[in-house]
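To start, the structure itself, in C-alpha coordinates.
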Amino acid sequence: MNSLFIKKVAHKNTAVIPILNIYGIGSKMQKQLPGLMVTYGCIYVSANIKEPGVIKMHGDIFRIVYGVRNPNEYRPMLEEIANDLKESGITGIISDNIQRDCLQKFSYVSPMAACGLYYDCTAEAMQKQGEIRECFVSLIREIKLLANAMGVFFTVDIIPTNLDILDGLSPTASISMQRDFSIGKQSEIDGLIFEVVRIGNKIGVPLLNYEKITRKFGFKDI
(Lines give C-alpha, C1' and ligand atoms only; values in the text may rest on other atoms or scores of the structure.)
Protein backbone atom coordinates (compact mmCIF):
# COMPACT_ATOMS: atom_id res chain seq x y z
CA MET A 1 0.00 0.00 0.00
CA ASN A 2 1.31 3.45 -0.91
CA SER A 3 -0.06 5.86 1.67
CA LEU A 4 2.13 8.69 0.40
CA PHE A 5 0.53 8.45 -3.05
CA ILE A 6 -2.97 8.34 -1.54
CA LYS A 7 -2.23 11.43 0.56
CA LYS A 8 -1.08 13.22 -2.59
CA VAL A 9 -4.18 12.52 -4.68
CA ALA A 10 -6.91 12.36 -2.00
CA HIS A 11 -9.13 15.13 -0.67
CA LYS A 12 -11.57 15.42 2.24
CA ASN A 13 -14.32 13.55 0.37
CA THR A 14 -12.13 10.65 -0.71
CA ALA A 15 -13.07 7.14 0.45
CA VAL A 16 -10.28 4.58 0.58
CA ILE A 17 -11.50 0.99 0.19
CA PRO A 18 -8.66 -1.53 0.57
CA ILE A 19 -9.50 -4.92 -0.97
CA LEU A 20 -6.25 -6.76 -0.28
CA ASN A 21 -6.41 -10.33 0.98
CA ILE A 22 -4.76 -9.39 4.27
CA TYR A 23 -7.17 -9.02 7.19
CA GLY A 24 -7.12 -5.75 9.14
CA ILE A 25 -5.36 -3.69 6.49
CA GLY A 26 -8.05 -1.00 6.78
CA SER A 27 -7.12 -0.25 10.39
CA LYS A 28 -3.43 -0.04 9.52
CA MET A 29 -4.11 2.30 6.61
CA GLN A 30 -6.42 4.49 8.72
CA LYS A 31 -3.52 5.23 11.09
CA GLN A 32 -1.44 6.35 8.12
CA LEU A 33 -4.26 8.37 6.57
CA PRO A 34 -5.80 10.48 9.35
CA GLY A 35 -8.62 12.66 8.12
CA LEU A 36 -9.66 10.28 5.35
CA MET A 37 -12.37 7.66 5.52
CA VAL A 38 -10.74 4.24 5.22
CA THR A 39 -13.14 1.32 5.16
CA TYR A 40 -12.61 -2.41 5.45
CA GLY A 41 -13.15 -4.33 2.25
CA CYS A 42 -12.58 -7.54 0.35
CA ILE A 43 -12.98 -8.77 -3.20
CA TYR A 44 -14.30 -12.01 -4.64
CA VAL A 45 -12.79 -12.68 -8.05
CA SER A 46 -10.65 -15.30 -9.74
CA ALA A 47 -8.09 -13.77 -12.07
CA ASN A 48 -4.45 -13.76 -13.03
CA ILE A 49 -2.01 -11.55 -14.91
CA LYS A 50 -2.00 -12.93 -18.45
CA GLU A 51 0.63 -10.49 -19.69
CA PRO A 52 1.79 -6.99 -18.77
CA GLY A 53 -1.26 -4.75 -18.64
CA VAL A 54 -3.73 -7.62 -19.13
CA ILE A 55 -5.65 -9.32 -16.31
CA LYS A 56 -7.76 -12.35 -17.23
CA MET A 57 -10.80 -13.14 -15.10
CA HIS A 58 -11.97 -16.72 -14.65
CA GLY A 59 -15.68 -17.35 -14.05
CA ASP A 60 -18.47 -14.88 -13.34
CA ILE A 61 -17.90 -14.08 -9.66
CA PHE A 62 -16.86 -10.45 -9.27
CA ARG A 63 -18.01 -8.61 -6.18
CA ILE A 64 -16.59 -6.17 -3.70
CA VAL A 65 -17.77 -6.12 -0.09
CA TYR A 66 -16.97 -3.04 1.96
CA GLY A 67 -18.13 -1.05 4.93
CA VAL A 68 -17.19 1.07 7.90
CA ARG A 69 -16.11 -0.40 11.22
CA ASN A 70 -18.27 1.97 13.29
CA PRO A 71 -21.80 3.08 12.24
CA ASN A 72 -20.99 6.73 12.98
CA GLU A 73 -18.40 6.64 10.18
CA TYR A 74 -21.02 5.91 7.51
CA ARG A 75 -21.30 8.38 4.63
CA PRO A 76 -23.81 8.49 1.72
CA MET A 77 -20.89 8.30 -0.74
CA LEU A 78 -20.71 4.57 0.00
CA GLU A 79 -24.04 4.15 -1.81
CA GLU A 80 -22.72 6.19 -4.72
CA ILE A 81 -19.70 3.91 -4.93
CA ALA A 82 -21.99 0.86 -5.04
CA ASN A 83 -23.84 2.43 -7.97
CA ASP A 84 -20.59 3.21 -9.77
CA LEU A 85 -19.46 -0.38 -9.33
CA LYS A 86 -22.78 -1.66 -10.68
CA GLU A 87 -22.43 0.49 -13.78
CA SER A 88 -19.01 -1.11 -14.30
CA GLY A 89 -20.42 -4.63 -14.08
CA ILE A 90 -19.18 -5.22 -10.53
CA THR A 91 -21.43 -6.12 -7.63
CA GLY A 92 -20.82 -3.75 -4.73
CA ILE A 93 -22.12 -4.83 -1.33
CA ILE A 94 -22.17 -2.48 1.66
CA SER A 95 -21.76 -4.72 4.68
CA ASP A 96 -23.50 -4.17 8.00
CA ASN A 97 -20.70 -6.14 9.71
CA ILE A 98 -17.57 -5.67 7.67
CA GLN A 99 -15.23 -7.19 10.24
CA ARG A 100 -17.19 -10.45 10.06
CA ASP A 101 -17.41 -10.40 6.27
CA CYS A 102 -13.70 -9.70 5.80
CA LEU A 103 -12.85 -12.47 8.24
CA GLN A 104 -15.13 -14.80 6.31
CA LYS A 105 -13.20 -14.10 3.10
CA PHE A 106 -9.93 -14.44 5.03
CA SER A 107 -11.10 -17.80 6.41
CA TYR A 108 -10.95 -19.11 2.86
CA VAL A 109 -8.00 -17.35 1.28
CA SER A 110 -5.59 -17.74 4.20
CA PRO A 111 -6.10 -21.50 4.65
CA MET A 112 -5.85 -22.07 0.90
CA ALA A 113 -2.64 -20.04 0.74
CA ALA A 114 -1.15 -21.80 3.76
CA CYS A 115 -2.15 -25.29 2.64
CA GLY A 116 -1.10 -24.72 -0.97
CA LEU A 117 2.26 -23.36 0.11
CA TYR A 118 2.94 -26.09 2.67
CA TYR A 119 2.19 -28.94 0.27
CA ASP A 120 3.28 -27.07 -2.89
CA CYS A 121 -0.02 -27.92 -4.54
CA THR A 122 -2.91 -26.41 -6.45
CA ALA A 123 -6.64 -26.64 -5.73
CA GLU A 124 -6.77 -30.10 -7.28
CA ALA A 125 -4.97 -31.71 -4.33
CA MET A 126 -7.27 -29.97 -1.84
CA GLN A 127 -10.36 -31.08 -3.76
CA LYS A 128 -9.54 -34.75 -3.17
CA GLN A 129 -10.24 -36.55 0.08
CA GLY A 130 -7.13 -37.09 2.17
CA GLU A 131 -4.42 -35.39 4.21
CA ILE A 132 -4.21 -32.19 2.19
CA ARG A 133 -7.95 -31.54 2.25
CA GLU A 134 -8.00 -32.26 5.99
CA CYS A 135 -5.23 -29.71 6.46
CA PHE A 136 -7.30 -27.11 4.60
CA VAL A 137 -10.29 -27.85 6.84
CA SER A 138 -8.19 -27.70 10.03
CA LEU A 139 -6.89 -24.27 9.06
CA ILE A 140 -10.44 -23.00 8.47
CA ARG A 141 -11.37 -24.33 11.89
CA GLU A 142 -8.49 -22.41 13.48
CA ILE A 143 -9.55 -19.16 11.79
CA LYS A 144 -13.05 -19.74 13.17
CA LEU A 145 -11.61 -20.21 16.68
CA LEU A 146 -9.64 -17.00 16.26
CA ALA A 147 -12.68 -15.09 15.03
CA ASN A 148 -14.85 -16.29 17.92
CA ALA A 149 -12.15 -15.28 20.42
CA MET A 150 -12.25 -11.81 18.83
CA GLY A 151 -16.02 -11.68 19.30
CA VAL A 152 -16.79 -12.31 15.64
CA PHE A 153 -19.29 -15.05 14.75
CA PHE A 154 -20.01 -16.14 11.20
CA THR A 155 -23.62 -16.39 10.02
CA VAL A 156 -22.83 -19.39 7.80
CA ASP A 157 -21.24 -22.76 8.52
CA ILE A 158 -17.81 -21.70 7.39
CA ILE A 159 -16.30 -25.12 6.66
CA PRO A 160 -18.83 -26.39 4.08
CA THR A 161 -19.14 -22.86 2.69
CA ASN A 162 -15.39 -22.69 1.99
CA LEU A 163 -15.28 -26.28 0.71
CA ASP A 164 -17.99 -25.38 -1.81
CA ILE A 165 -15.86 -22.47 -3.03
CA LEU A 166 -12.78 -24.69 -3.22
CA ASP A 167 -14.57 -27.48 -5.08
CA GLY A 168 -15.88 -25.00 -7.64
CA LEU A 169 -12.40 -23.86 -8.63
CA SER A 170 -10.39 -24.98 -11.61
CA PRO A 171 -8.05 -27.80 -10.51
CA THR A 172 -5.08 -25.61 -11.47
CA ALA A 173 -6.17 -22.68 -9.29
CA SER A 174 -3.90 -21.31 -6.58
CA ILE A 175 -3.58 -18.18 -4.46
CA SER A 176 -1.43 -15.37 -5.89
CA MET A 177 0.68 -15.35 -2.72
CA GLN A 178 1.71 -18.94 -3.40
CA ARG A 179 2.59 -18.17 -7.01
CA ASP A 180 4.61 -15.09 -6.02
CA PHE A 181 6.48 -16.98 -3.30
CA SER A 182 7.37 -19.83 -5.66
CA ILE A 183 9.17 -17.50 -8.07
CA GLY A 184 10.88 -15.41 -5.42
CA LYS A 185 8.67 -12.33 -5.75
CA GLN A 186 7.53 -10.26 -2.80
CA SER A 187 4.46 -12.04 -1.45
CA GLU A 188 1.70 -11.67 1.14
CA ILE A 189 2.99 -14.57 3.25
CA ASP A 190 3.46 -12.34 6.31
CA GLY A 191 -0.08 -10.97 6.30
CA LEU A 192 -1.86 -14.11 5.11
CA ILE A 193 -0.09 -16.69 7.27
CA PHE A 194 2.41 -15.31 9.80
CA GLU A 195 0.03 -12.62 11.07
CA VAL A 196 -2.53 -15.30 11.97
CA VAL A 197 -0.08 -16.78 14.47
CA ARG A 198 0.78 -13.34 15.86
CA ILE A 199 -2.89 -12.61 16.50
CA GLY A 200 -3.36 -16.04 18.06
CA ASN A 201 -0.45 -15.45 20.42
CA LYS A 202 -1.72 -12.00 21.31
CA ILE A 203 -5.18 -13.15 22.34
CA GLY A 204 -4.16 -16.54 23.67
CA VAL A 205 -5.59 -18.88 21.02
CA PRO A 206 -3.34 -21.85 20.13
CA LEU A 207 -3.22 -22.47 16.38
CA LEU A 208 -1.20 -25.67 16.06
CA ASN A 209 -1.61 -26.17 12.32
CA TYR A 210 -0.75 -22.58 11.45
CA GLU A 211 2.24 -22.75 13.78
CA LYS A 212 3.48 -25.92 12.06
CA ILE A 213 3.25 -24.26 8.64
CA THR A 214 4.90 -21.02 9.74
CA ARG A 215 7.84 -22.91 11.23
CA LYS A 216 8.48 -24.58 7.88
CA PHE A 217 8.92 -21.16 6.30
CA GLY A 218 11.17 -19.66 8.95
CA PHE A 219 8.75 -17.69 11.07
CA LYS A 220 10.26 -17.37 14.56
CA ASP A 221 7.77 -15.12 16.36
CA ILE A 222 5.85 -17.99 18.00
Side-chain angles (χ1 to χ4, degrees), residues 1-6 16-29 31-32 40-59 61-62 64 102-103 105-128 130-140 142-143 146 162 165-202 207-222:
M1 60 184 179
N2 192 330
S3 297
L4 292 177
F5 172 76
I6 295 174
V16 180
I17 304 176
I19 53 175
L20 300 175
N21 285 327
I22 300 171
Y23 175 73
I25 197 69
S27 294
K28 295 177 181 178
M29 291 185 69
K31 293 177 182 178
Q32 298 177 21
Y40 268 29
C42 59
I43 186 171
Y44 286 83
V45 65
S46 178
N48 68 289
I49 300 175
K50 184 177 180 181
E51 58 188 73
V54 178
I55 297 177
K56 182 178 180 180
M57 189 173 85
H58 310 285
I61 297 175
F62 194 3
I64 293 174
C102 283
L103 262 176
K105 166 68 184 297
F106 190 77
S107 76
Y108 164 74
V109 70
S110 173
M112 186 172 179
C115 188
L117 190 63
Y118 186 75
Y119 289 100
D120 189 22
C121 68
T122 63
E124 182 176 18
M126 296 179 235
Q127 291 165 341
K128 299 175 181 178
E131 176 186 342
I132 297 177
R133 188 176 180 89
E134 286 304 311
C135 176
F136 177 70
V137 169
S138 70
L139 294 169
I140 298 172
E142 290 186 346
I143 293 292
L146 198 64
N162 287 345
I165 296 173
L166 170 69
D167 293 340
L169 294 177
S170 164
T172 60
S174 62
I175 297 296
S176 58
M177 181 226 75
Q178 182 184 347
R179 298 193 297 270
D180 291 340
F181 187 88
S182 68
I183 59 176
K185 289 179 62 178
Q186 182 178 358
S187 75
E188 296 174 313
I189 188 172
D190 188 83
L192 277 180
I193 304 176
F194 296 170
E195 182 67 9
V196 175
V197 177
R198 291 194 194 100
I199 295 173
N201 287 339
K202 183 178 180 180
L207 305 170
L208 301 182
N209 292 285
Y210 268 100
E211 290 171 8
K212 177 182 70 174
I213 291 171
T214 57
R215 281 194 295 267
K216 179 176 179 179
F217 295 98
F219 182 59
K220 303 296 184 182
D221 189 20
I222 58 176

Crowded around Gln186 CD? As in, over 12 foreign heavy atoms under 6.0 Å?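 Not buried by this count: 12 neighbours or fewer within 6.0 Å.
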For atom CD1 of Ile183, is the number of surrounding heavy atoms from other residues, nucleotides or ligands below 6.0 Å larger than 12?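 Counting neighbours around CD1 of Ile183, more than 12 heavy atoms of other residues, nucleotides or ligands fall under 6.0 Å, so yes.
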Mind checking whether [X] and [Y] have side chains closer than 4.5 Å, heavy atoms only?
X	Y	answer
Pro111	Asn162	no
Ile165	Lys105	no
Cys135	Asn209	no
Met112	Leu139	no

Could you check whether the rings of Phe106 and Tyr23 sit parallel, tilted or perpendicular, using 30° and 60° as the cut-offs? tilted
Is there a side chain to side chain contact (heavy atoms under 4.5 Å, CB included) between Met29 and Ile25? Walk through the geometry before answering. CA-CA 6 Å; Met29 291 185 69; Ile25 197 69; 4.2 Å; yes
So, taking the atom named [atom1] in [X] and the one named [atom2] in [Y], what distance separates them when rounded to the nearest 0.5 Å?
X	Y	atom1	atom2	result
Phe194	Ile213	CZ	CD1	10.5 Å
Lys212	Ser138	NZ	OG	7.0 Å
Cys42	Leu20	SG	CG	11.0 Å
Leu192	Leu117	CG	CG	10.0 Å
Gln178	Cys115	CD	SG	9.0 Å

Non-hydrogen atoms of [X] and [Y] that approach each other most closely:
X	Y	result
Lys128	Arg133	O-CB, 3.2 Å
Ile143	Val196	CD1-CG1, 3.9 Å
Leu166	Tyr108	N-CE1, 4.1 Å
Cys102	Tyr40	SG-CB, 4.0 Å

Give every residue pair that meets the side-chain hydrogen bond (donor to acceptor under 3.5 Å, both in side chains) criterion with at least one member in residues 110-127, sequence neighbours excluded.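 side-chain hydrogen bond (donor to acceptor under 3.5 Å, both in side chains) check on residues 110-127 returns Ser110-Tyr210, Tyr119-Glu131.
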Keeping to residues at least two apart or across chains, list the salt bridge (charged side-chain N to carboxylate O under 4.0 Å, His left out) pairs with something in residues 172-182.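 Listed once each, the pairs are Asp180-Lys185.
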Taking only residues two or more places apart in sequence, or in another chain, which ones meet Ile22 in a side chain to side chain contact (heavy atoms under 4.5 Å, CB included)?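 Only Glu188 meet the side chain to side chain contact (heavy atoms under 4.5 Å, CB included) criterion with Ile22.
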Before giving the answer on side chain to side chain contact (heavy atoms under 4.5 Å, CB included), spell out for Asn201 and Glu211 the whole-Å C-alpha distance, their side-chain angles and the decisive distance to 0.1 Å. CA-CA 10 Å; Asn201 287 339; Glu211 290 171 8; 4.2 Å; yes
Please lay out, stage by stage, how Ile193 and Met177 fare under the test side chain to side chain contact (heavy atoms under 4.5 Å, CB included). CA-CA 10 Å; Ile193 304 176; Met177 181 226 75; 3.9 Å; yes
